[in-house]
Asks: 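Handing you a structure now.
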Amino acid sequence: MSLHVQKVFALADANSFYASCETVFNPKLTKFPVVVLSNGDGCVVARNQKAKDVGIKMGEPAFLIKDLIKKHKVVALSSNYALYADMSNRFMAVLSSYTPQIEVYSVDESFLYLNGHIGEWNSLSEMGTTVKKHVDMWTGLPICVGFSQTKTLAKLANHIAKKNAQFKGVCDLVSMDPIQVKEIFGKLDVSDVWGIGRKLSDHLRSMNINNVQDLKQSSPKSIRQKFGVVMERTIEELNGVSCLEISEIAPPRKQIISSKSFGQKVSTRFELEQSLTEYVTTASEKLRGQKSVCGAMQIFIMTDKHREDEPQYYNHFNVNLPEPTNDVRTLTKVALWALKRIYLEGYQYKKSGVVLMDLREEGKEQFSLFDTKLTDEDSPKIMQALDAINGRFGRGTLKLGSSMGENRYKMVFQKKTPCYTTEWLEIPAIK
DNA sequence: TCTGGGGTCCTAGGACCC
DNA sequence: TCTGGGGTCCTAGGACCC
């Protein structure tokens with residue numbers, strides 16, 4: 001007998017992913033509470049069940065839990081992202097053998113889309129259990145699997161499987177008795193729903209929407225008015241109406257960030273230059289990796305905002321590049337030039353970073369028609385020409401931009417997609 | 001000095017996710 | 001002394017156009 005399902009999403013998610021990866025390679029860790037610390041050992045980014053049990057919270061600064069670490073013999077490890085990436089790939093490879101329609105949502109979780117008949121399984125639970133065993137055999141990672149008709153519900157099912165031992169890591173909301181579903185949803189906090197974070201759950205609670213069942217039963221229309229379209233979709237999804245599709249192919253990034261806190265505070269421009277050079281290299285590698293070029297770049301520098309006793313300074317500088325590029329030398333040059341504009345002596349800098357923006361596919365660059373100073377008399381003529389061209393070839397074919405404070409205009413023409421022009425901005429005066 | 005309506009583009013900020 | 005590093009989407013509002 002084979003099971004027929006209309007439209008089912010599964011969410012497979014590794015438990016305490018980073019901590020579990022470490023444990024696979026050092027099984028002795030099983031006996032101890034384990035936490036994995038962020039880059040520079042700043043704060044906790046993963047913890048195993050034992051560490052959760054002794055009260056260590058996600059994202060907590062390492063220095064705040066020193067006592068807990070000592071008291072409970074917690075093993076604190078520096079993160080090893082290369083290892084986690086490798087384990088992630090193996091995990092996803094196993095999942096891919098169950099359906100071609102898989103969306104790798106993050107390093108430790110994937111959505112699977114199951115449509116029509118799903119092979120030799122008698123139930124989704126049976127399938128989930130098989131997947132779990134299979135992943136364990138090939139990677140050693142413990143996982144949980146949730147099934148339901150929408151992505152939001154599958155997420156919730158996974159959450160239920162994780163929190164309730166009696167499910168043994170697999171929760172199928174599709175075949176669950178509706179009365180039981182209602183009972184469980186009534187006990188789950190509204191903030192357990194995917195997309196409902198702290199602020200929104202506070203707001204919902206003030207409206208007496210406290211648990212998942214409350215949210216599920218609230219009116220999508222009135223919720224939309226107060227909270228917008230995103231939460232409206234969440235409610236639809238909670239009621240089994242699928243609004244979010246699987247995206248099998250990861251779309252190229254729309255922005256690429258590379259930034260880091262310094263282990264030790266730095267104050268000289270030279271040190272900031274060194275860090276930014278490194279970040280530009282990292283970010284532009286990613287950029288070339290997805291075959292994109294960037295049209296704009298931002299750099300930022302900041303002092304330690306946690307130190308209220310020290311003078312604070314934050315500034316960033318946006319540069320719209322004259323030509324879109326992914327060339328590391330060009331980008332480095334621009335970054336260092338921009339740094340000169342915002343760097344101030346006499347501050348203890350804690351963090352810096354680079355953001356590549358306005359990303360587009362390589363080979364779809366734009367062509368500048370001219371880049372010159374225009375008089376006020378030219379302007380109406382230009383506008384006329386602009387309208388004529390756009391009227392004939394379609395809106396957005398040609399755009400006009402100007403830079404502030406100067407009579408300098410640039411017209412940009414692009415073959416395929418609309419774009420905007422380059423613009424050089426003066427940053428506000430520094431206090 | 002006060003005055004309109006509709007549309008687009010762009011930015012900043014706020015919320016969320018892992 | 002020591003507090004992560006990535007990302008996404010939506011919305012409101014301003015500038016500017018006709």
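In what follows, every chain begins at residue 1, and chains take the letters A, B, ... in the order their sequences are listed.
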Asks: Mind checking what makes side-chain contact (heavy atoms from CB on, under 4.5 Å) contact with A/F262, not counting sequence neighbours?
Replies: A/V266, A/L272, A/S275, A/Y279, A/Y349, A/S352

Asks: Between the protein and nucleotides 1-5 of chain C, list every N/O to N/O distance that falls short of 3.5 Å.
Replies:
from	atom 1	to	atom 2	distance (Å)
C/dC2	OP2	A/R307	NH1	3.4
C/dT3	OP1	A/K350	NZ	2.4
C/dG4	O4'	A/S38	OG	3.1
C/dG5	OP1	A/S261	N	2.8
C/dG5	OP2	A/S261	N	3.4
C/dG5	OP2	A/S261	OG	3.2

Asks: Using a cut-off of under 3.5 Å, enumerate the N/O to N/O pairs linking the protein to nucleotides 11-15 of chain C.
Replies:
none

Asks: My understanding is that only residues two or more places apart in sequence, or in another chain, count here; which of them pass ring pair (Phe, Tyr, Trp, His ring centres under 6.0 Å) with A/F63?
Replies: none

Asks: The criterion is ring pair (Phe, Tyr, Trp, His ring centres under 6.0 Å); which residues satisfy it with A/F185, sequence neighbours excluded?
Replies: none

Asks: Wobble G-U and Watson-Crick pairs count when both distances are under 3.5 Å; given that, what is the 5' to 3' dot-bracket string of DNA chain B, with | for pairing to other strands?
Replies: ....||||||||||||||

Asks: Report the residues that fulfil ring pair (Phe, Tyr, Trp, His ring centres under 6.0 Å) with A/F167, sequence neighbours left out, ordered by chain and then residue number.
Replies: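 Not a single residue meets the ring pair (Phe, Tyr, Trp, His ring centres under 6.0 Å) criterion with A/F167.
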
Asks: Mind running a 4.0 Å heavy-atom check of residues 267-289 of chain A against DNA chain C and sending the residues that fall below it, in number order?
Replies: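 A/K286, in order of number.
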
Asks: Whole angstrom is fine here: how far is it from CD in A/E103 over to P in C/dT8?
Replies: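 It is 13 Å, rounded to the nearest whole Å.
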
Asks: Which part of the nucleic acid, if any, lies within contact of A/Q255, taking any heavy atom under 4.0 Å across all strands shown: a base, the sugar-phosphate backbone alone, or nothing?
Replies: base

Asks: Run the ring pair (Phe, Tyr, Trp, His ring centres under 6.0 Å) test against A/Y105 and tell me which residues pass, sequence neighbours left out.
Replies: A/F111, A/W194

Asks: Using a cut-off of strictly less than 4.0 Å between a heavy atom of the residue and any atom of DNA chain B, enumerate the qualifying residues of residues 195-214 of chain A by number.
Replies: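 The answer is A/G195, A/I196, A/G197, A/R198, A/K199, A/L200.
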
Asks: Applying side-chain contact (heavy atoms from CB on, under 4.5 Å), name anything that partners A/L336, two or more places apart in sequence or on another chain.
Replies: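 For A/L336, the residues satisfying side-chain contact (heavy atoms from CB on, under 4.5 Å) (neighbours in sequence not counted) are A/E273, A/T277, A/T332.
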
Asks: Show the atom names and distances, to 0.1 Å, of all donor-acceptor pairs under 3.5 Å that link a side chain in residues 222-243 of chain A to residues at least two apart or in another chain.
Replies:
from	atom 1	to	atom 2	distance (Å)
A/S222	OG	A/S219	O	3.3
A/S222	OG	A/S219	OG	3.2
A/R224	NH1	A/E232	OE1	2.8
A/T234	OG1	A/V230	O	3.2
A/E237	OE1	A/K151	N	3.4
A/E237	OE1	A/T152	N	2.9
A/E237	OE1	A/T152	OG1	2.6
A/E237	OE2	A/C243	N	2.7
A/E237	OE2	A/L244	N	2.9
A/N239	ND2	A/K216	O	2.9
A/N239	ND2	A/I235	O	2.9

